[in-house]
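To find a chain, count down the sequence lines: A is the first, B the second, and so on, and within it residues start at 1.
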Protein chains: 2
Amino acid sequence: MMKRQYPTLAEVAKVAGVSLMTASRAINNRPGVSPEKREDILRIADEMGYVVNRAAQKLSGARTRIIAVVAELHTPFTSDLVLGMGAVARAADYEMLVYSLPVCDRRPPGSILDLLRQIADGVIVILPYESDYLESVVSAHIPVVTIEQGAISAFPSVTADNYQGGRSALQHLIELGHRRIAFISGNDRLTSARDRRRAYRDVLAQARLPYDPDLEVTGDFSRKSGFEAANKLLALPDRPTAIFAANDISAYGAIAAIREAGLSVPGDISVVGFDDIPIASQLHPQLTTVRQPLQQMARASVNLLLALVAGLDAPSEQIVLPTQLIVRESTVALRGRRRADAATRTAAAPSLR
Amino acid sequence: MMKRQYPTLAEVAKVAGVSLMTASRAINNRPGVSPEKREDILRIADEMGYVVNRAAQKLSGARTRIIAVVAELHTPFTSDLVLGMGAVARAADYEMLVYSLPVCDRRPPGSILDLLRQIADGVIVILPYESDYLESVVSAHIPVVTIEQGAISAFPSVTADNYQGGRSALQHLIELGHRRIAFISGNDRLTSARDRRRAYRDVLAQARLPYDPDLEVTGDFSRKSGFEAANKLLALPDRPTAIFAANDISAYGAIAAIREAGLSVPGDISVVGFDDIPIASQLHPQLTTVRQPLQQMARASVNLLLALVAGLDAPSEQIVLPTQLIVRESTVALRGRRRADAATRTAAAPSLR
DNA sequence: CAGCTGAACGTTAGCGCTAACGTCGGCATG
DNA sequence: CATGCCGACGTTAGCGCTAACGTTCAGCTG
């Protein structure tokens, strides 16, 4: 049994016959050490199984090459994002720690950032809610990048273009000839949800389609809410021929309700989602949806954060990344109720650009 | 602009008119401080917005009240587990940090544990693979609890009873009268996958049903592998009437394949999954599956870890938690090809024990 | 060859905290 | 009243590291 499992830098230095600082410089790849000595030290450190103590490193005011992510991990959306960030961070020789935010809970949030501040060099906050978190983040003495946080944010942020994405989804349905298009909204505490809703209304207005409040049903991004919303829509005297759901999960909820009602997707009702979660291309029907550029968001946010950590004063940069409409099976051109229309409609369908 | 954003314990002590140690004792709720003084100090610390520096705390050899979890976060299974652990940890006034393991990557793993060791008081490793991680874990000077790590593990572990779960799934199918039962395996690098496979073979043997190698198809827990495996099974001259998939995801893959082949679940083929992921009760058909006791696993693992952290030498405890068969829509009693059999079969079904 | 320069080191003083050991009274005991 | 003891504090010495300054010495210059 060894006296101490992990050697300290001092011990490495002693074995290598140099001073503490020389060893530190060698290991941190800093100038001021001759090449031979550096190699020596690195070899010895390796042999001894030396690993820097990041707590000590941080305490003495240095970088730890750790970034932290704060996120609610309960959706495929966030966990994929986190996975992507991890890969980007590792590629930049950073480690990444995740703080999993309790779902739908509001605790004194400052403590988390205080905690992470003591460990990490920077923090990415994936926090779609406009919550009080922001205030505490402001006071945190550490670089912070937010994801999905709307225009309000005072710091650098990375976000997908939810508004444009919503527009493209709506336009797609309109181009397919749909006129009665419903919207199943998301949780309006989220900027992203509001942007999608706004897109729905705007495109409707611009296409000179009537806005029917009955067609806009409140949801909360959950499968269940999609299911219930669709049931409401199906109960309407003049039910919609297409539904735009604010996310994929609720879109599948809606599809389940439609099927239970004995109708088919897209035969009777076309459905568009949002996010392009992985199973959207696997589940039946494969979902037409708006893809969020997850990988790009991960890359952009980490790179932005690392730039801030490096001291490059990116002055409150806001990065908006484009979304992309992915057309799959869940949407088709409108087949009118009156068969007679069928022929003309196809011909009359608006240009598919 | 303040001189320093965060006050140190020394500053709090000075303001409170006490020594550093008295302040420390008061804040850490340790004896040796008079009640009035303690209250005083706590109030002042609060007013000054004091937060302990965990890096310093850890460096000086104390507890940080942080635990860490190492996991591959890409499945609902693991992320739900992590969520549950977070809740349990918080309830015990611990914070929890997650290290998201790169998927299917093998990096020098020690570094992660070394990193976490410097921050956390203990680590939970959710690592179904029997990988080299173990070796490095062994040498980590920190309490470690593993999840899902088979019998090999030298340290405390918490796991679901995969073998018994597999047995109950198989027995369920046999009780329903099925005789040709296929198995879509999981990734055999996982102990859990191997246990489920073993259960399949054992129950088959005990029920004196013939073991047909064609009915055991290799999968890897992915939806795609389930899909492909089912296609293989459907192509058999004498196709199975029931399928036991090693997890829910691949079960749904199999269901998709069955449907594409124009058959129905459970009408033509019954399907059982494993895990009971949240959507198993929502997707159509609702899946008969074996529920992993996620909440209990989370609770048990965190509690075990905290016990170890507290110094209670739980000598390499192995906790195995029971699984539970959840019967839903995807399985039904066999409708024999020869109608005549129907009556006798029910009667001849093995005892339901 | 004095004087300077700069690279290659070494030394010192913390970062913020806690363990371990003082100190100092008050109070009970013989 | 000396002794012992205990609770309430204070002091000191680190934990492992790095920033900021020393120091040393080879090599160059005029």
Ignoring backbone atoms, test whether [X] places a side-chain nitrogen or oxygen under 4.0 Å from the OP1 or OP2 oxygen of [N].
{"X": "B:Ser24", "N": "C:dT18", "answer": "yes"}
{"X": "A:Tyr6", "N": "D:dC15", "answer": "no"}
{"X": "B:Thr8", "N": "C:dC17", "answer": "yes"}

In this structure, how many angstroms lie between the [atom2] atom of [N] and the [atom1] atom of [X], rounded?
{"X": "B:Ile41", "N": "C:dC17", "atom1": "CD1", "atom2": "C1'", "result": "15 Å"}
{"X": "B:Arg30", "N": "C:dA19", "atom1": "CZ", "atom2": "C1'", "result": "9 Å"}
{"X": "B:Gln57", "N": "C:dG16", "atom1": "CD", "atom2": "C1'", "result": "10 Å"}
{"X": "A:Lys14", "N": "D:dG16", "atom1": "NZ", "atom2": "C1'", "result": "15 Å"}
{"X": "A:Asn28", "N": "D:dT18", "atom1": "CG", "atom2": "C1'", "result": "8 Å"}
{"X": "A:Leu59", "N": "D:dA19", "atom1": "CG", "atom2": "P", "result": "13 Å"}
{"X": "B:Arg117", "N": "D:dG16", "atom1": "CZ", "atom2": "C1'", "result": "12 Å"}
{"X": "A:Ile27", "N": "D:dC17", "atom1": "CD1", "atom2": "P", "result": "8 Å"}

Listed once per pair and sorted, the side-chain hydrogen bond (donor to acceptor under 3.5 Å, both in side chains) pairs that draw on residues 41-56 of chain B, sequence neighbours left out: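 Every pair satisfying side-chain hydrogen bond (donor to acceptor under 3.5 Å, both in side chains) with a residue in residues 41-56 of chain B: B:Asp40-B:Arg43, B:Arg43-B:Glu47.
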
Nucleotide nearest A:Ser60 (side chain, heavy atoms from C-beta), chosen from D:dG16, C:dT18, D:dA19: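 Between D:dG16, C:dT18, D:dA19, the one nearest the side chain of A:Ser60 would be D:dG16.
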
Nucleotides 7-12 of chain D: protein proximity per nucleotide (B base, S sugar-phosphate only, - neither; heavy atom, under 4.0 Å): -SBBB-

Cationic N near anionic O, under 4.0 Å, A:Arg65 to A:Asp93: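 Yes.
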
Looking at [atom1] of [X] and [atom2] of [Y], how far apart are the two atoms once the value is rounded to the nearest 0.5 Å?
{"X": "A:Ile319", "Y": "A:Thr159", "atom1": "CD1", "atom2": "OG1", "value": "10.5 Å"}
{"X": "A:Gln118", "Y": "A:Leu113", "atom1": "CD", "atom2": "CG", "value": "11.0 Å"}
{"X": "B:Ser79", "Y": "B:Leu73", "atom1": "OG", "atom2": "CG", "value": "6.5 Å"}

Distance under 6.0 Å and angle within 45° of ring axis: A:Arg117 vs B:Tyr6: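 Geometry flag: set, cation within 6.0 Å and 45°.
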
Donor-acceptor pair, side chain of B:Asp121 and main chain of B:Ile67, under 3.5 angstrom: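 Checking the backbone N and O of B:Ile67 against the side chain of B:Asp121, no donor-acceptor pair under 3.5 Å is found.
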
